[in-house]
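To start, the structure itself, in structure tokens.
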Amino acid sequence: MAEKTKSNTWDASRLPDLTGRTAVVTGANSGIGLTTAEALARAGAHVVFAVRDLERGRGAAATVSGSTEVRRLDLADLSSVREFVDAWEARPLDLLINNAGVMMLPKQRTADGFEMQFGTNHLGHFALTNLLLPHITDRVVTVSSGAHRWADGRIRFEDLNWTSDYDPRRAYAQSKLANLLFTLELQRRLTESGSPVRALAAHPGYAATNLQSHAASPVMRAFMKVGNRFFAQDDRAGALPTLYAATQDLPGASYVGPDGLGEMRGGPTLVGRSAAASDAAVARRLWTVSEELTGVSWPVEQPVAGRQVAG
């Protein structure tokens, strides 16, 4: 069962022994991704750094003690996602950590023509997860955000790619809402198929990383720079909800975040989500649309039998 002690006493030193296990961490070259990869490797896991820039990824992996490798993955290019999966040997993958993301960018498109935040944060991870699922043995953890509650807090099915009225903040919120809806529907399908694999989500609270430095608005970048310096927790604290979700015995579809005021900082604990992020009908609709957009479907092969992490 999950730790019964007060949640803010839990930190990365309490990770279980992960020797013999393999984890893929997307966006592992910096920030929370690197901290997550570092902690998993220190606990004995073999960690695959799935990164867009191989040189930066190798540099980051060189700073980590433990078993690592670096493979190229550009979530903004579905051909890169397929190449990553095609190169995956027929070996178990215990943990998939869908961590990589972009935040409040100026209007951009992925290689496949999708709005960059929706395409990278949701569609890229949607395709990666489904293509890897026959190899996954334990769980999938997808990093969302409290930002899923921002603005109107809905999926714009009428214009998913923001062809008009583009708003970087609302587009980011949509992508983070999509992460939670994806987790909800993925868990439903796993349960229905009888798979022991679990899908969970986590959010870091307000953590100081380089993610905020790419915001479209100079005012927002300045505001976040000040916030990072004086109010945010560091990336090690920000990684704890992901690590907790990846290793503790939690129910499928759980959502983990900090236990402090406003879920901005603190120790990892189970947290709530918006009503929109709990809408099973919208989650099913988003899944169907995501299959159509990516050309990737729920795998015909059933996910492999699970190996559970002892938390």
Side-chain angles (χ1 to χ4, degrees), residues 2 7 26 32 96-104 114-115 117-130 139-162 167-192 197-207 211 238 241-242 244-246 250-264 266 268-291 293-294 298:
S7 63
T26 67
I32 289 170
L96 172 59
I97 310 294
N98 290 326
N99 163 82
V102 292
M103 180 178 182
M104 293 190 285
F114 307 125
E115 187 276 314
Q117 297 181 91
F118 185 72
T120 301
N121 299 352
H122 169 61
L123 291 176
H125 282 128
F126 174 90
L128 178 70
T129 302
N130 277 289
R139 68 189 80 184
V140 177
V141 178
T142 300
V143 178
S144 183
S145 169
H148 81 275
R149 301 176 184 274
W150 289 355
D152 52 7
R154 68 183 185 91
I155 302 295
R156 290 168 40 117
F157 287 106
E158 74 281 5
D159 189 11
L160 282 171
N161 286 308
W162 296 82
D167 182 324
R169 189 171 182 268
R170 292 172 65 201
Y172 178 66
Q174 174 180 255
S175 73
K176 295 289 99 179
L177 174 58
N179 290 153
L180 285 172
L181 291 168
F182 163 65
T183 298
L184 186 66
E185 176 62 8
L186 175 58
Q187 183 58 55
R188 186 191 71 80
R189 288 169 177 258
L190 290 167
T191 300
E192 187 177 74
V197 175
R198 282 174 283 182
L200 302 95
H203 82 84
Y206 187 3
L211 186 65
T242 299
Y244 194 81
L250 303 171
S254 291
Y255 186 31
V256 180
D259 65 358
L261 181 64
E263 298 174 18
M264 299 292 280
T269 192
L270 294 177
V271 296
R273 66 195 83 190
S274 69
S278 305
D279 191 321
V282 173
R284 290 189 182 95
R285 183 181 179 188
L286 177 63
W287 187 284
T288 298
V289 170
S290 299
E291 287 189 334
L293 291 174
T294 63
W298 177 252

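One-based numbering along the sequence shown. Because the structure is a prediction, the values reported are computed rather than measured.
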### T26 versus H125, side-chain donor and acceptor atoms under 3.5 Å
yes
### Summary
Of all heavy-atom pairs linking L184 and A283, the shortest is CD2-CB, 4.1 Å
### Message
Using only atom types and a distance under 3.5 Å, with no angle test, would you say the side chain of R198 pairs donor to acceptor with the backbone of R139?
### Response
no
### Cationic N near anionic O, under 4.0 Å, E185 to R188
yes
### Query
Can you check whether V102 reaches Y172 side chain to side chain, under 4.5 Å on heavy atoms?
no
#### Entry: Pairwise distance CG(L293) to CG(N161) - rounded to 0.5 angstrom
7.0 Å
### Residue pair Q174, L160: steps toward the side-chain contact (heavy atoms from CB on, under 4.5 Å) verdict
CA-CA 9 Å; Q174 174 180 255; L160 282 171; 3.8 Å; yes
### Query
Is it true that a side-chain atom of N179 and a backbone atom of N121 form a donor plus acceptor pair closer than 3.5 Å?
yes
### Query
For the atom pair CG (L123) and CD (Q117), what is the distance rounded to the nearest 0.5 Å?
12.5 Å
### Summary
Output for pair (S274 OG, W150 CH2), nearest 0.5 Å, gives 13.5 Å
## Note on the structure
The side-chain contact (heavy atoms from CB on, under 4.5 Å) partner of V140 among L128, L186, L190, L200 is L186
### Query
Minimum heavy-atom separation for A201 to A245, with atom names?
O-CB, 4.4 Å
### Query
Taking atom CG of L270 and atom OH of Y244, what is their separation to the nearest 0.5 Å?
6.5 Å
### Task
Verify the distance criterion only: is there a donor paired with an acceptor across the side chains of T191 and Q187 at less than 3.5 Å?
yes
### Task
Taking all non-hydrogen atoms of both residues into account, name the closest pair between V143 and P204 and its distance.
CG1-CD, 4.2 Å
### Task
Might you point out which heavy atoms bring S175 and H122 nearest each other, and give the distance in Å?
O-CB, 4.4 Å
### Query
Distance only, no hydrogens: is a donor on one side chain within 3.5 Å (strictly under) of an acceptor on the other, for T129 and N98?
yes
### Summary
Residue pairs passing the side chain to side chain donor-acceptor pair (under 3.5 Å) test with at least one member in residues 276-288, sequence neighbours excluded, are W287-E291
### Query
What are the two closest non-hydrogen atoms of T183 and A253, and how far apart are they?
CG2-CA, 4.2 Å
### Query
Can you tell me how far the OH atom of Y255 sits from the CG atom of L180, to the nearest 0.5 Å?
5.0 Å
#### Entry: Side-chain heavy atoms of P258 within contact of H203, under 4.5 Å
yes
### Query
Where the side chain of S144 meets the backbone of K176, is there a donor-acceptor pair that is under 3.5 Å apart?
yes
### Working for side-chain contact (heavy atoms from CB on, under 4.5 Å), residues W162 and R170
CA-CA 10 Å; W162 296 82; R170 292 172 65 201; 3.5 Å; yes
### Message
Please give me the minimum heavy-atom distance between P241 and P268, naming the atom from each residue.
### Response
CA-CB, 3.9 Å
